[in-house]
Amino acid sequence: MFQPEQQAVEKAIFEFCVQNNIPVPSELKWVPIPFSGEWGISTSFFQLAANEAKQSGKQVNVGQRAQEIGEQIVAYLLKQFGASQTTKSPFRRADAVKGYLNLYFSTAEYSQRVVDTVLEENQHYGYCPPTGERVMVEFSQPNTHKAFHVGHLRNVILGNTVCNILEAAGSQVIRANYIGDIGLHVIKWLWNYQKFHAGEEPGDDRTRWMGDLYAEADRHLSENPELDTEVRALFARWDQRDPEVVALWQKTRQWSMDGFEQIYAKLGVHFDHVYYESEVEDSGKELVDDLIQRGIAVDERPVGPVIVRIDDILGLKKEKYRVMVILRSDGTSLYATKDIPLAIKKFEQYHLDRSIYVIDVRQSLYLQQIYKTLEIMGYPWASQCYHLAYELVNLPGNVTMSSRDGTVVLLEDLLREATQRAVEIVKEKNPSLPAETMQSVAYDVALGAIKYPMLARENIRLVTFDWESALDFNGQAAPYIQYAHVRANSILRRMETPLSPALAPLHSLDAAEIELIDLISRLSGEIQRAAVELKPLHLTNYAYDLARAFNDFYQQCPVLKADAEVRDFRLRLVAATKQTLSNSLNILGIPAPEVM
RNA sequence: GCCCCCGUAGCUUAAUGGACAGAGCAUCUGACUUCGGAUCAGACGGUUGCGUGUUCGAAUCACGCCGGGGGCGCCA
């Protein structure tokens, strides 16, 4: 937001370096001044001093020298831009402390600029202009005929939020899902259905029913291993596209898909393109033949599978990519059989600049194998495939959720429990709300409370699910942020006249106001950082900090009861805060209720 | 055996190689007849697993340990 000022100062600093024979830095890193109360940006000269020392070969005290340079630059800047009070100066004052240069802005001018900008751009505030980049994000990837539990939830929430972040940062995003609609698990399910549940239909809770039948199938088969021959026979019928089997598969697959759609709708997630494993199986098998022909893959059939010896091809002495199996010895397909043609299809269909896979960290080696194989095959875009890895959601005691062991927390149950808890709290806090509003608010709060903790930690850190903390709405959590939004709204609702037009503050700003304005101005930077690092964490932290700053302001600074000129500016500030909170929550995929 | 990830306050966790390691929970103390107390202020709590290096400067980078998790030719 303050690029022109920053650039003007940078230019002056570079001039100073040239004039004083100091090596010109390639760039200066600016950060907001960490100790607030006043408003500005800061950079340090340690690198500069260190470079200078290296060049001269002399021993110097870098800290001392950095401070010296800082002081000289302050003097130089004052000479360049004139007295601090003149309007020409890009900053109000500057000082050098411990090797840092601090630039303080004119509070009135800049606070007006921030608030005006938010209220002009509204729901687009903080968003970057289009970069022209086209990126596909593949996430969720559920298996049909299985349960959907909170382990899967992290993937959906992370993937969706990463999409929102990339869009806000100016990329064109294609949201892709990749459905595991074939494989042994499906055949097991069909076998169990035919044998014990023929003709049955799922109830309302389709996903649960599908999952229960899968667990049952698994139980039958592990208790009676001799039944495996029946399953294998069914698999063979599927492989030959026996019409009866295919019809049943299509019908039951749709049951799962309907259930997934319900879940996605509840979570506020949609997809632009849904791929199915079944649609890339045939082209995958053709591709395997092609790879054998080209000498990239080795066919060890019938004694072994078809493999790609990646390390050998690359001439690596130490094992790194190892060996990837791309087709079973009996000719049936594996994940790898299908992931290679899928990657090609994606790039050909959409002319992507980048392809991101949101998949748990355990598949890290596998995905590196896929990407490397694509590179060996000669696809120049192979290097633009990226595995966005995240850790699992485990149960206390480091127990992995498993559909076959029944150690799962179903998404439906979590949402229901959380909403129920939220209803009780809303009833207690705000009994005057109409019943319908109460329900929808409770849902917003519950959804936020579930999503926030999954986004607010490093992707690569394990999450332990326990009911108590999942249903805890206190502290650094979404409801705190939503509450700040509600409070801002509450002030604006009571406003008697329309918001005044663009306005500079006429009073001397309170520290809480400066802190709040400062945070509002940082949204765009945080979005960009989250987009570059693919880490929603930066935005969850930002939204919380912003909410905290607003609650602090709320405590310190009366709005409606303030004198007219103070009130008019503060009302605009409240409106700007509400908008910024709302934009942040939107990107995170967390609802921003008007009341709660 | 080889490779990857994690280790920060009692618990959950943050910190583009840079200023005093910042929050929340829990515990304790306080907040005006006030725009919504799902709030705010304060206290307590840290040899950033251990060690050695690199650097003017290390929670952050390198190497070695310790502890936990994960992955390694026909599972997905």
Side-chain angles (χ1 to χ4, degrees), chain A residues 29 31 33-35 42 44 46-47 49-50 53 59-66 97-100 102 141 143 180 183-185 277 298 300-301 304-309 318-330 332 334-336 359-366 368-369 389 391-392 394 398 400 425-426 428-430 445 453 456-458 460-464 469 472-477 479-480 482-484 486-495 512 529 532-533 537-538 540-541 544-545 548 550-552 554-562 567 570-571 574 595-596:
Chain A
K29 291 182 294 184
V31 294
I33 295 170
F35 321 114
S42 163
S44 70
F46 298 109
Q47 198 56 55
Q59 278 288 341
V60 291
N61 181 327
V62 168
Q64 215 170 57
R65 178 62 185 146
V97 182
K98 296 182 182 177
Y100 289 81
N102 297 321
Q141 308 110 330
N143 285 327
L184 193 57
H185 74 279
E277 275 188 40
V298 180
E300 296 183 335
R301 285 177 292 179
V306 181
I307 59 173
V308 179
R309 298 183 189 278
K318 279 177 65 176
E319 42 181 39
K320 182 166 182 189
Y321 298 101
R322 296 171 178 261
V323 170
M324 178 166 66
V325 180
I326 57 172
L327 194 71
R328 285 199 190 91
S329 50
D330 66 3
T332 56
L334 292 157
Y335 249 32
I359 298 180
D360 82 74
V361 67
R362 299 184 188 200
Q363 302 203 35
S364 196
L365 173 62
Y366 168 70
Q368 294 319 308
Q369 291 177 329
E391 258 292 0
L392 300 182
N394 277 357
N398 226 349
T400 305
I425 294 173
V426 177
E428 178 201 325
K429 306 279 186 191
N430 200 349
V445 170
R457 65 197 70 234
E458 289 284 355
I460 207 66
R461 285 176 79 122
L462 200 74
V463 170
T464 301
S469 54
D472 186 1
F473 299 159
N474 295 316
Q476 182 168 357
Y480 178 91
Q482 292 169 320
Y483 182 63
V486 165
R487 278 179 136 185
N489 183 52
S490 177
I491 292 177
L492 297 171
R493 204 175 44 219
R494 283 160 205 279
M495 192 169 63
R529 188 170 167 213
V532 168
E533 297 179 21
L537 157 75
H538 295 308
T540 56
N541 288 350
Y544 175 77
D545 286 343
R548 193 170 41 71
F550 179 73
N551 279 327
D552 187 33
Y554 187 94
Q555 191 79 11
Q556 309 285 333
C557 307
V559 178
L560 295 173
K561 295 196 172 164
R567 184 194 61 208
R570 283 185 178 165
L571 279 170
V574 170
V595 293
M596 64 189 271

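Here is the naming used below: chain letters follow the sequence lines, and residue numbers restart at 1 for every chain.
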**Asked** Rounding to a whole Å, what distance do you find between A:Q555:CD and B:rA38:C1'?
**Response** 14 Å
**Request:** Please name all residues satisfying side chain to side chain donor-acceptor pair (under 3.5 Å) with A:R309, sequence neighbours left out, ordered by chain then number.
**Result:** A:E300
**Item:** Non-neighbouring partners of A:Y483 that pass ring-ring contact (aromatic ring centres under 6.0 Å, His included), sequence neighbours left out
**Value:** none
**Message:** Among residues at least two apart in sequence or on other chains, which ones pass salt bridge (Lys or Arg N to Asp or Glu O under 4.0 Å) with A:R362?
**Reply:** none
**Message:** The criterion is salt bridge (Lys or Arg N to Asp or Glu O under 4.0 Å); which residues satisfy it with A:R487, sequence neighbours excluded?
**Reply:** none
**Asked** With sequence neighbours excluded, what pairs up with A:R548 under the salt bridge (Lys or Arg N to Asp or Glu O under 4.0 Å) test?
**Response** A:D545
**Message:** By the 4.0 Å heavy-atom rule, please label A:N102 as base, sugar-phosphate, or nothing.
**Reply:** base
**Request:** In whole angstrom, give the distance that lies between atom NZ of A:K98 and atom P of B:rA19.
**Result:** 10 Å
**Request:** Taking ring-ring contact (aromatic ring centres under 6.0 Å, His included) as the test, write out the residues that go with A:Y554, two or more places apart.
**Result:** none
Could you run down the sub-3.5 Å N/O contacts of the protein with nucleotides 5-8 of chain B?
residue: B:rG7; atom: OP1; partner: A:R461; partner atom: NH1; Å: 3.1

**Request:** Taking A:Y366 for its side chain and A:A336 for its backbone only, find out whether a donor-acceptor pair lies under 3.5 Å.
**Result:** yes
**Request:** Return the stems involving RNA chain B, sorted by first number, where pairs are Watson-Crick (N1-N3 with N6-O4 or O6-N4) or G-U wobble (N1-O2 and O6-N3), both under 3.5 Å, and runs are 3 or more long.
**Result:** B:1-7 with B:66-72, B:10-13 with B:22-25, B:27-31 with B:39-43, B:49-53 with B:61-65
**Complete:** Taken in chain and number order and not counting sequence neighbours, the residues that satisfy side-chain contact (heavy atoms from CB on, under 4.5 Å) with A:R457 are A:R154, A:P453, A:V463
**Message:** What is the separation between atom OH on A:Y544 and atom C1' on B:rC25, rounded to the nearest whole Å?
**Reply:** 10 Å
**Request:** Write down the distance separating the C1' atoms in B:rC74 and B:rA15, rounded off to the nearest Å.
**Result:** 46 Å
**Message:** Counting distance alone, no hydrogens or angles: does the base of B:rA19 have a donor or acceptor under 3.5 Å from a partner atom on the side chain of A:S42?
**Reply:** yes
**Message:** Please determine whether a side-chain nitrogen or oxygen atom of A:K429 lies at a distance below 4.0 Å from atom OP1 or OP2 of B:rA38.
**Reply:** yes
**Message:** Using OP1 and OP2 only, check whether a side-chain N or O of A:S490 sits under 4.0 Å from B:rG36.
**Reply:** yes
**Request:** For B:rC63 versus B:rG42, give the span between their C1' atoms, rounded off to a whole number of Å.
**Result:** 45 Å
**Message:** Heavy atoms only, 4.0 Å cut-off, all strands: where does A:N551 land among base, sugar-phosphate and nothing?
**Reply:** sugar-phosphate
**Prompt:** When every nucleotide of nucleotides 71-76 of chain B is labelled 5' to 3' by its protein contacts under 4.0 Å (heavy atoms), B for base, S for sugar-phosphate only, - for none, what sequence of letters results?
**Reply:** BBBBSB
**Whole-Å P distance, B:rU60 and B:rA9** = 15 Å
**Request:** For nucleotides B:rC25 and B:rA58, find the distance between their P atoms and express it as a whole number of Å.
**Result:** 33 Å
**Request:** Please report, rounded to the nearest Å, how far the P atom of B:rU16 is from the CD atom of A:E533.
**Result:** 7 Å
**Message:** Restricting to salt bridge (Lys or Arg N to Asp or Glu O under 4.0 Å), what partner residues turn up for A:R65, sequence neighbours left out?
**Reply:** A:E52, A:E68
**Sequence-distant partners of A:N489, side chain to side chain donor-acceptor pair (under 3.5 Å), two or more places apart** = A:K578, A:E594
**Message:** So, OP1 or OP2 of B:rU13: does either fall under 4.0 Å of a side-chain N or O from A:R457?
**Reply:** yes
